[in-house]
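Okay, so here's the structure we're looking at.
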There are 4 protein chains.
Amino acid sequence: MGIQERRERERERRRQQILVAAKRVFSNRGFNKATMEDIAKEAELSPGTLYLYFKNKDELYASLSLRILQYLMIRLEHVNAEPLTDAAQRLKALKSAMYDVYEFDPLILINMFHMQSSETLKNLSSDLLNQIESLSRSSLQVMARIFEDGVRQKMFVAHHPNAVADTLWSLFSGIVLWETSKKTIDNQKDYLRETFDTAFEIFSRGIMRQ
Amino acid sequence: MGIQERRERERERRRQQILVAAKRVFSNRGFNKATMEDIAKEAELSPGTLYLYFKNKDELYASLSLRILQYLMIRLEHVNAEPLTDAAQRLKALKSAMYDVYEFDPLILINMFHMQSSETLKNLSSDLLNQIESLSRSSLQVMARIFEDGVRQKMFVAHHPNAVADTLWSLFSGIVLWETSKKTIDNQKDYLRETFDTAFEIFSRGIMRQ
Amino acid sequence: MGIQERRERERERRRQQILVAAKRVFSNRGFNKATMEDIAKEAELSPGTLYLYFKNKDELYASLSLRILQYLMIRLEHVNAEPLTDAAQRLKALKSAMYDVYEFDPLILINMFHMQSSETLKNLSSDLLNQIESLSRSSLQVMARIFEDGVRQKMFVAHHPNAVADTLWSLFSGIVLWETSKKTIDNQKDYLRETFDTAFEIFSRGIMRQ
Amino acid sequence: MGIQERRERERERRRQQILVAAKRVFSNRGFNKATMEDIAKEAELSPGTLYLYFKNKDELYASLSLRILQYLMIRLEHVNAEPLTDAAQRLKALKSAMYDVYEFDPLILINMFHMQSSETLKNLSSDLLNQIESLSRSSLQVMARIFEDGVRQKMFVAHHPNAVADTLWSLFSGIVLWETSKKTIDNQKDYLRETFDTAFEIFSRGIMRQ
DNA sequence: GATGAATGAGGTTTCATTCAT
DNA sequence: AATGAATGAAACCTCATTCAT
């Protein structure tokens with residue numbers, strides 16, 4: 001391992017250390033209340049150091065999303081790679097993938113949806129914005145391909161695959177945000193899984209041929 | 001009209017004047033960037049005056065949501081009040097209602113979803129929070145009742161009515177937020193209606209008996 | 001006196017109060033070391049208040065210069081207005097005017113020259129920059145006119161009046177900066193007057209006809 | 001060449017390398033905006049290394065001035081060494097020397113004047129400050145000697161030679177700073193030579209006997 | 001009731017300098 | 001000797017909120 005490579009690795013480790021701290025602080029103090037100093041303290045680094053790894057606060061926040069998008073992508077590709085047998089099973093695999101994404105990191109997922117629904121997006125460096133965008137676009141395309149295949153195999157009712165993917169994605173993000181908000185207000189327990197079950201059942205029934 | 005009543009009326013007029021200004025500013029500058037001074041200027045009032053009508057900035061924002069919830073409630077009750085004929089028509093009416101809500105004031109609707117997905121909720125006065133909550137709860141209940149009726153009439157597949165309402169609501173809010181975010185990034189035109197059409201078709205097919 | 005006018009007056013008083021404090025702090029701590037908080041404390045105001053009167057730190061600094069330029073302008077116009085008698089007396093009046101400008105506020109004068117010799121200029125609001133520029137331009141023009149008249153009256157050797165004005169202005173600012181720097185290093189007493197005397201004698205002899 | 005000497009030479013080479021880089025960065029980014037990291041990058045060294053050769057940022061800046069002062073000194077001594085023939089020619093030689101100093105390195109010259117007119121001076125190590133001071137003092141003395149000789153030879157009007165030297169030096173630095181500032185504002189072309197021509201003509205006429 | 005000047009806590013960010021490797 | 005990652009103090013500036021008029 002060359003010295004260059006080791007440095008690169010060390011640098012990546014630091015980045016992760018900061019992201020982990022950021023996630024923790026963000027989850028404790030909430031999106032707006034978390035300060036760079038909080039994060040620095042949590043990461044046991046100085047504020048200045050954060051800026052060696054992330055251009056500014058928005059970019060640090062946004063970077064949290066990339067990881068989960070990458071995870072989503074991997075899971076979706078797996079679903080797509082499995083031999084096509086039966087529509088119901090396909091959808092089940094898809095549902096399972098999405099739920100895993102939620103469990104992988106609920107807080108960051110909410111963060112991501114939150115960010116997408118705000119004007120924060122406009123302030124990101126075009127580089128990062130492009131990454132997020134392209135990854136999120138590809139994910140939707142992979143999803144769309146699943147539905148496309150299904151339609152071709154006469155398992156799914158004919159719809160524009162992109163629109164179906166958008167529907168599923170909206171359903172998913174809507175549930176995540178809505179259930180989170182209910183949890184915030186009521187301190188209720190986490191009903192997300194149940195809501196998602198019903199929602200998915202309806203969705204499945206809605207797109208599968210009888 | 002007593003002097004008391006006239007005062008009350010005058011006061012309400014001011015509140016509306018501020019809300020209108022707030023909405024405009026919020027839509028121009030974005031959620032976080034809008035300042036109280038901006039709003040005051042737009043309302044042709046002084047900053048101090050805003051605080052005579054709204055406890056703080058969060059409350060002012062939150063108050064924007066009430067109006068749209070009230071409108072939602074009215075529309076839903078209408079749907080519910082119509083003589084029950086046929087499931088498809090019921091759902092069509094429901095869809096139409098929701099789309100009207102969107103058109104009634106897209107910006108405030110997004111604002112509302114945005115707020116619900118953030119920790120702003122925690123900072124509201126319990127009074128306002130209660131109002132929002134109860135109104136939003138009732139709306140969901142009215143929706144749920146529609147599905148309940150439908151199930152009883154064997155028009156809809158049996159599901160827990162609340163879960164179906166949650167699904168629809170999530171779907172709706174998810175689409176609004178997701179399509180808005182896409183519009184922000186791409187400066188694309190407004191595809192919301194189309195996405196919602198497909199989504200609703202799938203949803204309808206998913207809950208109706210064949 | 002209307003309420004509007006009184007407010008305007010009050011506002012101007014505050015501006016002056018801040019400028020006075022800024023000048024004091026600037027002179028004690030030096031150009032770069034002075035902070036907005038220092039100035040606020042000196043003015044017995046809060047930092048935020050400074051920003052109600054000056055857009056940013058650079059503008060506050062630059063505003064210090066305007067006053068002295070205005071004073072310069074007045075003094076020069078007086079020299080110009082006096083009935084033209086004799087070249088020597090004209091120059092004497094001019095010299096006296098410039099020395100008064102120095103005494104009016106040496107620190108701000110140095111500040112002004114310092115600023116002009118730096119890239120701070122680029123960061124000013126175009127409005128303020130224009131004011132400074134135009135005032136400084138007019139001053140030079142008034143000076144140039146004095147020399148122009150002198151040449152026409154055959155009292156001064158023929159030179160391009162603008163170039164003569166530039167020479168005098170450069171001489172003046174050069175002396176101010178150079179003598180100040182010597183004073184800084186040596187903690188010497190203020191030799192400026194003497195240097196200026198000699199310099200002006202040479203200058204006068206250089207432009208007057210024998 | 002001993003090993004000691006070679007080391008010394010190597011060290012000097014590095015110093016020069018840094019100074020060259022510093023000059024370049026300073027000229028591009030302006031006095032205040034230039035950072036140590038910029039300079040390090042330009043010199044293809046690391047920030048830490050700069051501190052092995054210069055105590056701090058101020059010293060690095062100040063060191064830039066030494067070279068030009070040395071050049072000035074050499075040129076002035078040449079003027080002084082030439083056989084005294086005629087006052088006009090003496091002054092011409094002096095003027096030519098000063099203009100050469102300007103051309104030798106305008107940026108550093110401005111830098112030097114800029115520094116002299118600021119409180120940076122106070123923060124230098126006494127060693128460096130002494131060097132600058134003594135060199136700048138000697139330069140003025142050499143200049144003064146020229147005028148002294150001229151007076152003794154009845155070519156120049158009697159004035160205190162130091163005061164005349166100060167006048168010339170002030171005139172020179174004043175012009176450099178003033179013309180630079182005009183160039184900054186107007187993006188005008190470089191009028192310095194012309195202004196200096198007129199100024200010097202006036203100055204010459206002012207000190208020469210008729 | 002309305003004003004709007006003033007507040008001041010608190011946030012983000014920069015950058016000269018250090019020091020372990 | 002050279003590195004360059006890390007530091008952390010300190011600066012500028014914003015803006016929700018208050019309160020004397």
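Each chain gets a letter, A, B and so on, in the order the sequences are listed, and its residues count up from 1. Keep in mind the model is a prediction, meaning the values are calculated, not measured.
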Minimum-distance nucleotide (side-chain atoms of B:Y53 versus E:dT3, E:dG1, F:dA2): E:dG1
With a sphere of 6.0 Å drawn around CD of C:E12, does it hold more than 12 non-hydrogen atoms of other residues, nucleotides or ligands? yes
Looking at E:dA2, I'd like to know if its phosphate oxygens (OP1 or OP2) sit under 4.0 Å from a side-chain N or O belonging to B:R14. yes
Tell me whether D:N130 contacts the main-chain N or O of D:D127 through its side chain, where contact means a donor paired with an acceptor under 3.5 Å. no
Between C1' on F:dC13 and CD1 on C:I18, what's the gap in Å once rounded to a whole number? 15 Å
Could you give the CD-to-P distance, from D:Q17 to F:dA1, as a whole number of Å? 15 Å
Nearest-Å distance, CD1 (C:I39) to P (F:dC13)? 11 Å
If the threshold is 4.0 Å, N to carboxylate O, is there a salt bridge linking A:R7 and A:E10? no
If every non-hydrogen atom of B:S63 is compared with every non-hydrogen atom of B:L19, which pair is closest and at what distance? CB-CD2, 4.0 Å
Separation of C:R15 atom CZ from E:dA5 atom C1', in whole Å? 16 Å
Heavy-atom closest pair, residues B:E59 and B:L128: OE1-CD2, 3.4 Å
Is the shortest distance from a Lys or Arg side-chain nitrogen in D:D105 or D:R67 to a carboxylate oxygen in the other one below 4.0 Å? yes
Provide the closest heavy-atom pair for D:N56 versus D:Y51 in the form atom of the first, atom of the second, distance. CA-CE2, 3.9 Å
Using whole Å, report how far CZ of B:F54 lies from C1' of F:dA16. 16 Å
For DNA chain E, stems built from three or more consecutive Watson-Crick or G-U wobble pairs below 3.5 Å: E:2-21 with F:2-21
Counting C-beta onward and ignoring hydrogens, is there a side-chain heavy-atom pair between C:M112 and C:I132 closer than 4.5 Å? no
At under 4.0 Å between heavy atoms, how does the protein contact nucleotides 13-21 of chain E? Give one character per nucleotide, 5' to 3', with B, S or -. BBSSBB---
In this structure, how many angstroms lie between the P atom of F:dA2 and the CZ atom of D:R7, rounded? 11 Å
For A:A34 and A:Y61, work out which heavy atoms get closest and say how close. CB-OH, 3.2 Å
Could you give the OH-to-P distance, from C:Y61 to F:dC13, as a whole number of Å? 11 Å
On DNA chain F, compare the nucleotides closest to D:L45 and C:D38; which residue's is nearer the 5' end? D:L45
E:dT7 phosphate, OP1 or OP2, under 4.0 Å from C:S46 side-chain N/O: yes
Whole angstroms only, please: what is the CD-P distance between B:E44 and E:dG4? 12 Å
